[in-house]
Amino acid sequence: MPELPEVETIRRDLHAHLCGSTIHGLSVVHPGVVLGTPETFTDAVVGRRIVGSGRRGKVMWLDLEDGHAIAIHLRMSGQALLVDEGAPRPPHTHLIADLGGRRALLYVDPRRFGRLEIIDPCAPQASVLLRNIGPDALSADLCAETLRTAAAGRRIGIKQFLLDQRFISGIGNIYAAEILHRVPLGPATPAGRVTRAEMERILEQTHAVLGEAIAACGTTLADARYRSALGRSGEFACMLRVYGREGEPCRTEGCTARIQRRTSGGRSTYLCPACQRAGRRRRA
DNA sequence: AAGGCTACCTGTTCGC
DNA sequence: TGCGAACAGGTAGCCT
Ligand SMILES: [Zn+2]
């Protein structure tokens, strides 16, 4: 469930609290969450100090002093939690890192879709978690023209395009819907037919939405499943304009329409039928 | 090669 | 209250 803002919030927590800490011990409770063998993983981290962190899209990593790093992809239900050594362990705790000072880092993941991998951050192509991840949505190098080139000739909807981590990484189902409502542009607009001006607006709104969501420490929905590494909720849910708001009034100034939910390819999307009407595409 | 579908998992909520 | 169905913030791997 975590998208870029939630992963970035967690990374910042971990960075602030773990830099300089040494991993004294590691227990892999469920081997399936680790890429490679648990023994290899354990050998790579035990006794090593954490010296930094990084992130691309929804993948984050903790740099170790020897140049390797622990990469984490939380997928649908993963959590990285920094807890007191003696605190009770939540159900579905699959990995425990002993950090000394009575602290532990837990990897908790009910659905077990998430993965951890020892990587060399300088060689992302060699990493299973990173090799298909394109430029970060907030990267200064990413420009609208690059996205237009990637979208050229594609008939998939622009929403599906934004969700494809090879083209732009970090956007998930919530923020894709929010970005397209703000542009505004219908989610089914063929990616290859998005104009230069529209792609520029998409990138602008991507920066705006993700930036605001990071400032709010991410989106914690009513089910309260997303928490930062320190267990804190995000505050962006009350700022959502379409996601999860089926039947509620559009929050665009002057718009009287109600938000609709549509399903395609097994996923829900939310939109305002008035603001995002096909054929009502704003001119540059 | 693009694009669509399914599998991977568990937990929660919804409709009857 | 019970019970199956639908749904959940993601993506890799197949197939056509
Ligand atoms: Zn509207």
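All of these numbers come straight from a predicted model, not from anything done at the bench. All chains are named by letter (A, B, ...) in the order of the sequence lines, taking the proteins before the strands, and each is independently numbered beginning at 1.
Under the 3.5 Å distance criterion, the side-chain polar atoms of A:T220 are matched with a main-chain donor or acceptor of A:Y226. Remark: side-chain polar atoms of A:T37 are paired, donor with acceptor, to backbone N or O of A:T40 under 3.5 angstrom. Proximity of a side-chain donor or acceptor of A:D136 to a complementary backbone N or O of A:G57 within less than 3.5 Å is detected.
A:L221 and A:V242 fall within the same hydrophobic cluster, where Ile, Leu, Val, Met, Phe, Trp and Tyr residues are linked whenever their side-chain heavy atoms come under 4.5 Å apart, directly or through other members.
Rounded to whole Å, the distance from CE on A:M1 to P on B:dT10 is 15 Å. Residue A:Q79 contributes atom CD, which lies 15 Å from atom P of C:dG10 at whole-angstrom precision. In this structure, CD1 of A:I72 is placed 16 Å from C1' of C:dG10, rounded to the nearest angstrom. In this structure, the CE atom of A:M76 is 14 Å from the C1' atom of C:dA12, given to the nearest Å. In this structure, the CG atom of A:N132 is 10 Å from the C1' atom of C:dT11, given to the nearest Å. Rounded to whole angstrom, the span from the CZ atom of A:R267 across to the C1' atom of C:dA6 amounts to 15 Å. Atom-to-atom, CG of A:L130 to C1' of C:dA12 comes out at 15 Å; the value is rounded to the nearest Å. Residue A:D109 contributes atom CG, which lies 15 Å from atom P of C:dG9 at whole-angstrom precision.
Counting only residues at least two apart or on different chains, the side-chain hydrogen bond (donor to acceptor under 3.5 Å, both in side chains) pairs with a member in residues 116-129 of chain A are A:E117-A:S127.
Helical stems in DNA chain C, defined as runs of 3 or more consecutive Watson-Crick or G-U wobble pairs with donor-acceptor distances under 3.5 Å: B:2-8 with C:10-16, B:10-16 with C:2-8.
Separating the P atom of C:dG9 from that of B:dG3 is a span of 22 Å, rounded to the nearest Å. Look at the P atom in both B:dA1 and C:dT11: the space between them is 23 Å, to the nearest Å. Taking the C1' atoms as reference points, B:dG11 lies 23 Å from C:dA12, given to the whole Å.
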* Given A:R55 and A:E8, is the salt bridge (Lys or Arg N to Asp or Glu O under 4.0 Å) satisfied, shown in steps? -> CA-CA 7 Å; A:R55 181 189 60 73; A:E8 176 63 12; 2.7 Å; yes
* To do: Could you please spell out the steps behind the side chain to side chain donor-acceptor pair (under 3.5 Å) verdict for A:R112 and A:H30?
  => CA-CA 9 Å; A:R112 297 201 311 276; A:H30 192 111; 3.3 Å; yes
* Asked: Please walk me through it: do A:R48 and A:T22 pass side chain to side chain donor-acceptor pair (under 3.5 Å)?
  -> CA-CA 6 Å; A:R48 302 251 149 74; A:T22 296; over 6 Å; no
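Within residues 143-164 of chain A, no residue has any heavy atom closer than 4.0 Å to DNA chain C. If you check residues 207-222 of chain A against DNA chain C, the residues with a heavy atom closer than 4.0 Å are A:T219, A:L221, listed by number.
Annotation: side chain of A:W61 is not in contact with side chain of A:I72 (no heavy-atom distance under 4.5 Å). In this structure, A:I168 and A:L142 have side chains that are in contact, with non-hydrogen atoms separated by less than 4.5 Å. A heavy-atom distance below 4.5 Å is found between the side chains of A:L82 and A:L18. Inter-residue side-chain proximity for A:V183 and A:I158 is flagged as unmet; no heavy-atom pair is nearer than 4.5 Å.
Checking C:dG10, B:dG11, C:dA8 against every side-chain atom of A:R261, the shortest atom distance belongs to C:dA8. Between C:dG10, C:dT11, B:dT10, one nucleotide has an atom nearer to the side chain of A:Q165 than all others, and that is C:dT11.
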Distances under 3.5 Å only, N/O to N/O: pair up the protein atoms with those of nucleotides 5-8 of chain B.
none

Quick test: give all pairs of protein nitrogen or oxygen and nucleotides 12-15 of chain B nitrogen or oxygen below 3.5 Å, distance rounded to 0.1 Å.
none

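Heavy-atom distances to DNA chain C give each of A:R131 and A:P2 a nearest nucleotide, and the one nearer the 5′ end belongs to A:P2.
Here A:R75 contributes atom CZ and A:L129 contributes atom CG; the two are 7.0 Å apart, rounded to the nearest 0.5 Å. Residue A:I214 holds its CD1 atom at 5.5 Å from CZ of A:R12, rounded to the nearest 0.5 Å. The SG atom of A:C250 sits 9.0 Å away from atom CZ of A:R241, with the distance rounded to the nearest 0.5 Å. A distance of 9.5 Å separates CZ of A:R201 from CD of A:E198, quoted to the nearest 0.5 Å.
Inspection of the A:R258 and A:Q260 side chains reveals no N or O donor paired with an N or O acceptor under 3.5 Å.
For the OP1/OP2 pair of B:dT10 and a distance below 4.0 Å, the side-chain nitrogens and oxygens of A:H92 include no atom meeting the criterion. Residue A:K58 places none of its side-chain N or O atoms closer than 4.0 Å to OP1 or OP2 of C:dG9. The side chain of A:R115 contributes no N or O atom lying less than 4.0 Å from OP1 or OP2 of C:dG10.
As judged by a 4.0 angstrom heavy-atom cut-off over every strand, A:Y243 is placed among residues touching the sugar-phosphate backbone only.
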